[in-house]
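To start, the structure under review is shown below, and the notes come after it.
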Amino acid sequence: MKLEFIPTDYDYFDFEGRNYIRIYGRDEKEKRICVIDTCPIYLWAILKKGVSEPKIKKIIEKIKKIKVNIAGRTTTIEKIEVHNKNFLGKEVKALKIFATNYKDLHEIADHLGLPEIEKRRGYDLGFITHYIIEKKIKPLHWYEIEGEVITGIENFGGISEILDVNLCIKLEKHKEIQDKYFSPKILSYDIETDSIKIGEGEILMISLVGKNFKKVLTWKKANKKEDYVEYVKDEKELLEKFIKYTREFSPDFLVGYFSDGFDLPYLKARAQINKVKLNLSLDDSQPIFSRGVIQTAKTRGITHIDLLRFIRTVYGQYMQSETYSLNEVAKEFLGDTKKAFELKHSSKILEKDWDKYFEYNLHDSVLVYNLFEKFWPDILEFSRITREPPTEITRIGLSKFTESYILHNLEKFNEIPEKKPTTDQLSERRHLGHVEGAFVLEPTPGLYEKIAMFDFTSMHTSIIISMNLSGPTLLEKPEKNSNSIETSRGKFYFTKKPGFIPLMLKEIFEKRKRFKAEYKKNPDPITKARSNAFKVLSASIHGYIGFFGSRYYSKEASASILAYVRKFNMDTIKKIEKKGYKVLYGDTDSIAIKMNNSSKEQIKELLKELNSNLPGIMELELEGFFERGLWVTTRSGKTGAKKKYALLGEDQKIKIRGFETVRRDWCPLARELQNKVINLILGDGDKKRALEYAKEIIKKIKNREINKSSLIIRSQLKKPISEYKAISPHVIAAKKMRELKIPIEHGALVSYYVAETKGKSKLIRDKVKLPEEKGEYDIKYYLEHQIMPAIENIFQVFGLNTKEMIDGKKQMTLGEF
DNA sequence: ATATACACGGATCCCCTATTTCC
DNA sequence: GGAAATAGGGGATCCGTGTA
């Protein structure tokens, strides 16, 4: 049997003591295929230098006798080969030890404590990763495969009987073929329940949305019945129908939003109560829940994806949304929002409102479906680039992205993979403390005209590549013809012989450049996603090297990268100043210059000259020209504030960084006022209006004319309530919520306002009230702690003392500017 | 536990000293 | 009169959220 095949998911099973992989996917006719295969299973034993040939032979004989008995199976050594390999960039002689079961490699490694063996590696990758590296059947690539169709009970104990696929094939041959379009079958779902606590209330309804498929399953009958609503008898039937429809639709991806943490655990809990088997996987198994801090719920074949987790890791840092609620995220990426519906306990929902609830529930699944379509190119590209299946890459963090890429690309360098750090190493690394980071130039507060902004293109990345920085390229002692850098942890030397990490990064960097250009020439979601995936990967390597949990961790390399970052930025600033320009500000990789009377051409000429002196692939770029820029003092008023500025672009767009107006832990009133003030000053140059506007707001606060919703302060609970050492206002708000039985877990966003209270306490936390709580807002607090701090420093730039603004003792005139 | 460091700024914590209160 | 309680100042620390 010969067919075209694209893998979407992998799992594995044991048969007669050996590991077999199961690859789920589709053929060119969109039929469901399961491919069964196995691969050589082995680990590496790196030999000490200078072990003689006869000695090696002896060791091999010894190792061959190793037998491991675990969990009722016996794993034996199949064969041993001697190879010349590289480990951390150095040539080594290593034994490739083949065994029958991947899970037992760890145990075998424990039996290899021979004096001639230096290190044991390559047994901790996970069998699926190992298989993909070994056989190169990568997720979401097309293959022409040949194999025997498995039928009947003889093969693997009747596996084909259980699997709900069109065809089950034992792989014999495979060949990667030219990429072609693949559109996965998607089914999104969302549940509505009577309690937010997992399993505590009944599931009221479940919506399902796929291509040409819309359904809301419910046991609650309403007045008006839309076509998509299907009534069932009770919760048990609701669950059964959900499973039935899902299996019938047979999607590649079953997609939810926060469904690892809510929908699927809830379904599991209710299924248990109702004695229903939640067999959503193609092998008839139930979702597997892992115990980690963030719960995951994995299914096989019909792959469960929690879209929230992917969006959070990949786009979190770049998102405008202040929360990860489906509503905000959908608004940002789709321009669509949830249907308005006030969630209540089912007993309190009026008869006439149920059909609205159904519509609301359906629309949530529609949003999730559309979001998945939007992010599918990203999932596809990340999966292809890191060679890990979607079920993994939608759940891992940035360090794992990088690590997967490295592990899957080691072969080109003949490298043996480094192992994960042990618990001891982890605590040791964590105790090393921080390395000195980037340099930030203190600005002189003021309003400036005509500004040019320079920045280094992918600064950390280009430094790693240009200076050949990484753990394996670090030299133990100084050598001639090496790069060296003075850091806070001493002077470090790096070989000039290109290391595999800088080389890999160079490839990523060049691909990123190429795909970015491709995207600009031919903008479509795929080229955009590809460009973005390489951008994320490229930007994460530096963090990965400095991350204590990584396989290729190096504090020395991390310190050196940052030392170079400081050096290049400071040197460039000095050179610019030498040319007679004033440098207004600089942060890490950026430099803001006052243009004075220079033309744009002259600035570009300066840039060209600066670039001619930069090493390797390093490049300084023109970020843009700006008409005006505003820098303020810190609250103490003694120094210029870093990481806080506003720029007016030539396109009249205002770019605000760091100011309270961009921070979600300030009340909307203060944020909007500050935004308005900055806009008036920067855009129209209208200080008078800005001042008047501020005064108006102050008056309104005093007269209690401000709507409470403008005064709500939001803050995230970053850990369990009990772990807080300092009981701050938002912790009190969280405690209040808990008292009201509103489920509150860490990670939740807490809202509150500061109210006037009778008590004498000066602590703000004693004035905290929840938004629903009755009370009058505290005029003094909002004036002194929200409004004034947001605008004071800005007016101060113009020499205006705002101290008297609140009590209005002194009438301010424009003359004071 | 799940990429890094720098930075701001609010609020509380904590220690010290001065003042007030209580017996 | 003397001990204990309280107030207030100020630096240290905690905490969340930004920038890069």
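The sequence lines fix the lettering, A, B, ..., with proteins before strands; numbering per chain opens at 1.
Candidate nucleotides B/dA1, B/dG9, B/dT12 were compared by shortest atom distance to the side chain of A/Phe548, and B/dA1 ranks first. Between B/dG10, B/dT12, C/dG18, one nucleotide has an atom nearer to the side chain of A/Pro789 than all others, and that is B/dG10. Nearest nucleotide to the side chain of A/Val440, out of C/dG16, B/dT12, B/dC6: B/dC6. Taking only side-chain atoms of A/Lys725, from C-beta outward, the nucleotide of C/dT19, C/dC15, C/dT17 with the closest atom is C/dC15.
A/Tyr781 comes within 4.0 angstrom of the backbone, heavy atoms only, and of no base. If you check every strand for non-hydrogen atoms under 4.0 Å, A/Gln317 touches a base. Within the nucleic acid shown, A/Ile561 has no heavy atom closer than 4.0 Å to any nucleic acid atom. At a threshold of 4.0 angstrom between heavy atoms, the contacts of A/Gly437 are confined to the sugar-phosphate backbone, with no base atom among them. Note on A/Val435: only backbone sugar-phosphate atoms sit closer than 4.0 angstrom, heavy atoms only; bases stay farther off. A/Lys420 comes within 4.0 angstrom of nothing in the nucleic acid, heavy atoms only. Using a 4.0 Å heavy-atom criterion, one finds that A/His460 contacts no nucleic acid atom at all. Nucleic acid contact for A/Tyr553: none, since no nucleic acid atom lies under 4.0 Å from a heavy atom of the residue. Counting non-hydrogen atoms under 4.0 angstrom, A/Leu763 reaches the backbone sugars and phosphates but no base. Contacts of A/Lys762 with the nucleic acid, taken as non-hydrogen atoms under 4.0 Å apart, involve only primed sugar atoms and P, OP1 or OP2. Residue A/Gly549 is classed as having no contact, given no heavy-atom separation below 4.0 Å to the nucleic acid.
The number of heavy-atom neighbours closer than 6.0 Å to NZ of A/Lys331, taken from other residues, nucleotides and ligands shown, is 12 or below. Annotation for A/Lys506: atom NZ does not count as buried by contact number, only 12 or fewer foreign heavy atoms lying within 6.0 Å. Surrounding NZ of A/Lys516 are at most 12 heavy atoms belonging to other residues, nucleotides or ligands under 6.0 Å away.
Of the side-chain N and O atoms in A/His434, one or more sit less than 4.0 angstrom from OP1 or OP2 of B/dA5. Using a 4.0 Å cut-off, some side-chain N or O of A/His730 falls inside it from OP1 or OP2 of C/dG16. For the pair A/Lys642 and B/dA7, the criterion of a side-chain N or O lying under 4.0 Å from OP1 or OP2 is met. Contact between the side-chain N/O atoms of A/Tyr645 and the OP1/OP2 oxygens of C/dA20 is found at a separation under 4.0 Å. OP1 and OP2 of B/dA3 both lie 4.0 Å or more from every side-chain N or O belonging to A/Ser540.
B/dT4 atom C1' lies 16 Å from atom CD of A/Glu556, rounded to whole Å. Between A/Gln716 atom CD and B/dA11 atom C1' the separation is 18 Å, expressed in whole Å. The distance between atom CG of A/Leu647 and atom C1' of C/dT19, rounded to the nearest whole Å, is 13 Å. Summarising the geometry, the separation between NZ on A/Lys644 and P on B/dG10 is reported as 8 Å, rounded to the nearest angstrom. For the pair A/Trp631 CH2 and B/dC8 P, the interatomic distance rounds to 15 Å; values are reported in whole Å. Taking atom CD on A/Glu322 and atom P on C/dT17, their separation rounds to 10 Å, with Å as the unit. Remark: P of C/dG16 and CD1 of A/Ile732 are 14 Å apart, rounded to the nearest angstrom. Spacing between atom NZ of A/Lys400 and atom P of B/dA3 amounts to 9 Å, rounded to whole angstrom units.
Comment: A/Glu623 engages A/Lys655 in a salt bridge, judged by a side-chain N to carboxylate O separation of less than 4.0 angstrom.
Judged purely by distance below 3.5 Å, without hydrogens or angles, the side chains of A/Glu388 and A/His408 pair a donor atom with an acceptor atom. No hydrogens or angles considered: nothing links the side chains of A/Tyr777 and A/Glu756 as a donor-acceptor pair under 3.5 Å.
Between A/Ser399 and A/Arg765, it is A/Ser399 whose nearest contact on DNA chain B lies nearer the 5' terminus.
Residue side chain A/Arg663 reaches the base of C/dT17 through a donor-acceptor N/O pair under 3.5 Å, judged by distance alone.
With ring centers used as reference points, A/Phe509 lies 6.0 Å or more from A/Phe534.
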